[in-house]
Number of protein chains: 2
Amino acid sequence: MQISDRKKKILRAVVEEYIETAEPVGSKTIQYKAGLDCSPATIRNELADLCSKGYLEQPHTSAGRVPTAKGYRLYVNELMHQQKLSIEETETINASLSAKAEELDQLISDAGHMASLVTNYPAVSMTSQTPATIKRFDLIYIDPNTFIIVLLLTNDTVKNKLVHLPFSFEESMMTRLSAVFNASFTGITEDKITQILISSSERAVGDTMGLCSVIAGFVIETLSTVKSGGAVVTGEANLLKLPEFKDPEKAHRLMNYLSDTSNLSILPSLTQEGDVKVLIGPENVAEELKDSSVVLASYNAGDNMKGLIGVVGPTRMDYSSVAAKLSYIAASLSKLLGGGGTPPPGFGKLMIKGDDSDG
Amino acid sequence: MQISDRKKKILRAVVEEYIETAEPVGSKTIQYKAGLDCSPATIRNELADLCSKGYLEQPHTSAGRVPTAKGYRLYVNELMHQQKLSIEETETINASLSAKAEELDQLISDAGHMASLVTNYPAVSMTSQTPATIKRFDLIYIDPNTFIIVLLLTNDTVKNKLVHLPFSFEESMMTRLSAVFNASFTGITEDKITQILISSSERAVGDTMGLCSVIAGFVIETLSTVKSGGAVVTGEANLLKLPEFKDPEKAHRLMNYLSDTSNLSILPSLTQEGDVKVLIGPENVAEELKDSSVVLASYNAGDNMKGLIGVVGPTRMDYSSVAAKLSYIAASLSKLLGGGGTPPPGFGKLMIKGDDSDG
DNA sequence: TTTAGCACTCGAAAAGTCAGAGTGCTAAAG
DNA sequence: CTTTAGCACTCTGACTTTTCGAGTGCTAAA
């Protein structure tokens, strides 16, 4: 089904006006906004048509028009201007991200903050579950009862734990343990760590005190938490500024959904590095998101690890600006984290992928 | 100024009823609730008295009475029943806390979750800024371009960083660096790390490549972030269920305040380990909290580190239950973290400290 | 000092009113 | 066949009015 250029122009005007004002938009406004040289009456005819085709709807007879999910989809796919960030904006982002490449977790959470800040929507930030393994294993002997376990993972994060024991051991034991663990526990995924493996390690180092179990426990724990990835949600308060969430009930439902990070674990599967994905209203699977939209961008977070950053807002979301911003942040992060030579952040150039079922 | 027993009984009834219903409470309800054998008219007289003394107020002539901050204060200080937790509740808390003593940060954030979950209010959880210093310093050599810095701090947390450098160095350099840093950088606070110290270290190890600067940078960064402590706020969504926040504007203001964790840094100074502090409405210094209440409990988080857990809610807060719950959580955490033999969690036994300016 | 009785007050909710923005339709004009 | 002006109609949101009832304070009697 083809849509005339004029209809598209009108649709775009409706979407953009509605994004701005959150009020149903009428024919006169459109005439003005879209700069069309035809009368409101003509536009009304076109509007009626767009309504019957499912791109717009009326809250009630004799109100202005409001875009449907289908309308937004068309807008996002074809009609949307690709927005460029202002230099100011890029600078804010750069400054706040590059300044603190300190620690991965911190950086991820900062990225979420940043996204929320520049878009004024709640943001979610996470890394996804590429199963990690141990690249290198070290023990640091502190005193006869204390040592530190240091794990270097394949994704280049370092995890550690301080262990106090109720009995003492010799420093030489540390060396032996290191050797054995480096030999047996590196390069394997969590599920490969069995009791058998632990027992055989115990024999190998002559451990009668359960040291191996303690260490193996930490290893398992680390690998499994890395796998489950940490999701951070920031800026939920932004929701409350939006007219669509003036009903506390609605706001509460969404915020509750977001605050349970386990709900968010499906998100990573939806994107590929480098593109921005937009999910509009009912395109979301989760019931709680059916009348909200989600914009996601993923980035390369170091070897074989994927990062994800996204925002959640009403379907009336400024897709073009949000997409541009997320895309930029994601690209910056890729550059910062992904050793693997991702192209530099395109200045506004971005690919939008979405559900292409266009009626 | 003395208050008769009957007045106290009435005040208590008003507070508790109001806590439950959020509606101004009238004389008849009180008669019923407090089980007094006098007529509503008598109670009305008493109410008028309590009003004039400033413990209660009327939203408007001819509505029921509502407690003032002063009324809540009296209630919290003298009238409140000390609530015991149900076994079920203690079990929930125990299970969820002890299960994952894995990592300090994680535990702290979990504790916040827990507090928010059992109280149904937003919770804040943080450790406070006892200035930390380095207890021990280690470097792990990975390959000619890569090493890991491992810091053991006086509060027994371990921080690390993986460093990639664009040039290569020898393993022996690591040993020398370790020695120098262990000698010069342990036991000193952040502000003692000067350029002079760094330069002299560089000379000592023969570092012409800026290695010392990189490492010192991380040390400074670590010490200063530890000092600023991480605060986590959880369960903000709970606010929206409360009638006092049905106005999104109000909810937004408070949530915004809470989401800026730097606002929360004054809290730790308000409590001492082992007691629970209640700040009611205008007793709070921050403007944004003037019509909310805060309940804080602090705990011993390992040597010379203090943890803090608290919740924020409307002045109409179930102080007795909240205090009991926080106290229990705090005690559990003290037990889990504080090596220093804190007494076991008292089962409901708790001390409430508060602003004792009682009119 | 307590209590019953009563007039009074005030707010919240329900009902009613009104203006205006926007529509669809019809019929004329291009 | 498309566009446009005109017009009657619809519906909402804002505003006002009405009503109802819970709760009060006061007075006078117990």
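Each chain gets a letter, A, B and so on, in the order the sequences are listed, and its residues count up from 1.
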(message) Checking contacts here: which listed nucleotide (dT4(D), dG24(C), dC10(C)) is nearest the side-chain heavy atoms of T61(B)?
(response) dC10(C)

(request) Provide the Watson-Crick or G-U wobble partner of dG16(C), both distances under 3.5 Å; none if there is no partner. (result) dC15(D)

(request) Please report, rounded to the nearest Å, how far the P atom of dC11(D) is from the CD atom of Q58(A). (result) 11 Å

(request) Starting from P on dT2(C), measure out to CG on L36(B) and report it in whole angstrom. (result) 11 Å

(request) Output the single nucleotide from dT4(D), dG22(C), dA4(C) whose closest atom is nearest the side chain of N45(A). (result) dT4(D)

(message) From CD of E23(A) over to C1' of dC11(D), roughly how many Å is that when rounded to an integer?
(response) 15 Å

(request) For R65(B) and dG11(C), give me the distance from atom CZ to atom C1', rounded to whole Å. (result) 16 Å

(request) Give a yes or no on whether a salt bridge exists between E46(A) and R6(A), defined as a side-chain N under 4.0 angstrom from a carboxylate O. (result) yes

(message) Whole angstroms only, please: what is the CD-P distance between E46(A) and dG24(C)?
(response) 13 Å

(request) Look at R6(A) and dT2(D) and indicate whether a side-chain polar atom (N or O) is within less than 4.0 Å of OP1 or OP2. (result) no

(request) Establish, from distance only, whether the side-chain atoms of E287(B) and Y257(B) form a donor-acceptor pair under 3.5 Å. (result) no

(request) Could you tell me whether the side chain of V294(B) reaches within less than 4.5 Å of the side chain of L270(B), counting heavy atoms only? (result) no

(message) Can you tell me the base-pairing partner of dT23(C)? Count Watson-Crick or G-U wobble geometry only, both distances below 3.5 Å, and say none if there is no partner.
(response) dA8(D)

(message) Please determine whether any donor N or O and acceptor N or O are separated by less than 3.5 Å between the side chain of S62(A) and the base of dT10(D).
(response) yes

(request) Would you indicate, yes or no, if dA4(C) has its OP1 or OP2 atom less than 4.0 angstrom from a side-chain nitrogen or oxygen of R44(B)? (result) no

(message) Distance alone, cut at 3.5 Å: any donor-acceptor contact between the side chains of S292(A) and N284(A)?
(response) no

(message) Check this for me: does any side-chain nitrogen of one of R253(B) and E288(B) sit under 4.0 Å from a carboxylate oxygen of the other?
(response) no

(request) Write down the distance between CG (D49(A)) and P (dC25(C)), rounded to a whole number of angstrom. (result) 12 Å

(message) Measure NZ/K28(A) against C1'/dG6(D) and give the value in whole Å, please.
(response) 13 Å

(message) Could you tell me the Watson-Crick or G-U partner of dA29(D), where both distances fall under 3.5 Å? Say none if there is no partner.
(response) dT2(C)

(message) Using OP1 and OP2 only, check whether a side-chain N or O of T42(B) sits under 4.0 Å from dT3(C).
(response) yes

(request) May I have the distance from H60(A) (atom NE2) to dT23(C) (atom P), rounded to whole angstrom? (result) 10 Å

